[in-house]
Number of protein chains: 2
Amino acid sequence: MTTEEIILQAARKVFREKGLEGSRMQEIADEAGINKALLHYYFRSKDKLFMKIFSEAIQSMLPSVRISLQEVETLNQFLSFFVHEYLKLLNELPWLPRFILQEVNRNPKLIKDIMGNRELPINEIDRLIRRDTEKGLIMPISAEHLMVNVISMIIFPFAARPVIQTLIFKDDEHAYKQFLIDRSEQITQFVLRSISIQSKP
Amino acid sequence: MTTEEIILQAARKVFREKGLEGSRMQEIADEAGINKALLHYYFRSKDKLFMKIFSEAIQSMLPSVRISLQEVETLNQFLSFFVHEYLKLLNELPWLPRFILQEVNRNPKLIKDIMGNRELPINEIDRLIRRDTEKGLIMPISAEHLMVNVISMIIFPFAARPVIQTLIFKDDEHAYKQFLIDRSEQITQFVLRSISIQSKP
DNA sequence: GTCTATATGGCGATAGAC
DNA sequence: GTCTATCGCCATATAGAC
């Protein structure tokens, strides 16, 4: 492994845990087992090194919605797929929402700089909704509110884990882990029940 | 207004926007129109001043759930009330979720120190659910998942405003404000449709 | 490329005059 | 109580030997 890659790995770990302002170049150097000056030799400044790590994170946070939209027939299929895939990602990278929100809130320009032209294909989702509404499969609903609802339920428990764990689970870590395991199933059911036209006994 | 209150007001503004590590004592002093040394005269240290501001914020974030639980007959009533009251609070203090999450994620001990024994009355909500389930009014659902769903949908658009505004609303601020106005109605409908037993044409 | 040593600046905090 | 001046520390960044 090259020195550059060793530095990046150390920087990832430290920046994730402490953010830009909370991290020290010395700590990154220690983590990488090298000297502080080498960091500047490879990346010129702390800000430049941070931006490398941060844009990596943003990239992995933008899920392949487009792909899933193309493979899908109904809104229900799309939503099940979206929830499942997104939660799979977050279970592998549970620190992602915290890291991104922390830095973006401190410096909102970061989003535009990095995300560039990416955005959620609201129009296509809206088309799916209307098609299924006309077929009598689902109730009409605003695409924006629907997607914000779904995304909120997926991400928030990761973004606010310490608060939720204390406030709702009385700091029972095991209960919280089980909660996260059930989450995919629970969100999907919750959303589909809300938009579906049902007639249950 | 006393000097102490002037300082507190300046500190609120600066800490809210930049967090503990992002704020400078000099900036607070400038904002208050006084000298840096006076801050230390009144509050000894930056940390002590910050904790004053932060615990204020936490207190206002804990809504009067208990009160609304006592005034309520059915789960539907409770949820409508809860969503409405919470969003009313956040519309007055939209910076609250960002501020709290930012600091809590950096230092998770803060929650326990400040919130002390407070927690969401999950057991009472669970009792409400079971009562209405037996009456055939609603479907059975986990109280934890239900409340996390509701809280997520309420808070997340405030906690992640910059991201959502860019990703979903293409930075159209007017559209985002209208979205927030509709939010209370939309969340309530979304939740009640999901848990209710319906038979619609 | 990698190190040691040092420059440079900024910040929290304190001393002490008024 | 409020100010000016300054201490002491720590963090980023650079100079320069190897």
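Below, read A as the first sequence line, B as the second, and so on, with proteins coming before strands; counting in each chain starts at 1. Note that the coordinates shown come from a computational prediction; the quantities given were computed from them, not determined experimentally.
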Measure from [atom1] on [X] to [atom2] on [N] and round the result to the nearest Å.
X: A:Ile28; N: D:dA11; atom1: CD1; atom2: P; answer: 12 Å
X: B:Leu20; N: C:dC11; atom1: CG; atom2: P; answer: 14 Å
X: A:Asn35; N: C:dT4; atom1: CG; atom2: C1'; answer: 8 Å
X: B:Lys46; N: C:dT14; atom1: NZ; atom2: P; answer: 15 Å
X: A:Glu21; N: C:dG10; atom1: CD; atom2: P; answer: 16 Å
X: A:Asp30; N: C:dC3; atom1: CG; atom2: P; answer: 12 Å
X: B:Lys48; N: C:dG12; atom1: NZ; atom2: C1'; answer: 13 Å
X: B:Leu39; N: C:dC11; atom1: CG; atom2: P; answer: 14 Å

Hey, does the side chain of [X] come within less than 4.0 Å of [N]'s phosphate (OP1/OP2), counting only N and O?
X: A:His40; N: D:dA13; result: yes
X: A:Thr3; N: C:dT2; result: yes
X: B:Tyr42; N: D:dT2; result: yes

Subject >> Contact summary for B:Ser196 and B:Met139, nearest pair of heavy atoms >> reply: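 Shortest heavy-atom contact: O-CG, 4.3 Å.
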
For this session: Looking only at non-hydrogen atoms, find the nearest pair between B:Ala32 and B:Ile6 and report the distance.
Result: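 Looks like O-CG2, 3.6 Å.
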
_Upstream residue (5' side of DNA chain D) when B:Leu38 and A:Lys36 are each assigned their closest nucleotide_ =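 Closest to the 5' end, via its nearest nucleotide, is B:Leu38.
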
Of the options D:dG1, C:dA13, D:dT12, whose atoms approach the side-chain atoms of B:Met25 most closely?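 Nearest listed nucleotide: C:dA13.
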
| task | Give the C-alpha distance, both sets of side-chain angles, the deciding distance and a yes or no for side chain to side chain contact (heavy atoms under 4.5 Å, CB included) between A:Arg127 and A:Ile122. | result | CA-CA 9 Å; A:Arg127 220 173 299 139; A:Ile122 280 289; over 6 Å; no

- Under 4.0 Å between a Lys/Arg side-chain N and an Asp/Glu carboxylate O for B:Lys88 and B:Glu85?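 Counted as a salt bridge, because a side-chain N and a carboxylate O are separated by less than 4.0 Å.
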
Exercise for the section: Indicate yes or no: does B:Arg12 engage B:Glu5 in a salt bridge with an N to O separation below 4.0 Å. Expected result: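 Judged by the 4.0 Å cut-off on N to carboxylate O distance, B:Arg12 and B:Glu5 do form a salt bridge.
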
Notebook entry, point to check: Do the side-chain N and O atoms of A:Gln165 and A:Arg161 include a donor-acceptor pair separated by under 3.5 angstrom?
Noted result: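 Yes - a donor-acceptor pair under 3.5 Å links their side chains.
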
Please produce a list of atom pairs where a protein N or O lies less than 3.5 Å from an N or O of nucleotides 16-18 of chain D.
none

**Asked** Where does the angle between the aromatic ring planes of A:Phe82 and A:Tyr86 fall among parallel (under 30°), tilted (30 to 60°) and perpendicular (over 60°)?
**Response**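 Perpendicular, since the angle between the ring planes exceeds 60°.
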
Discussion item. Taking any heavy-atom pair under 4.0 Å as a contact, classify B:Thr2: base, sugar-phosphate, or nothing.
Written reply: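 Counting heavy atoms under 4.0 Å across all strands, no contact is made by B:Thr2.
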
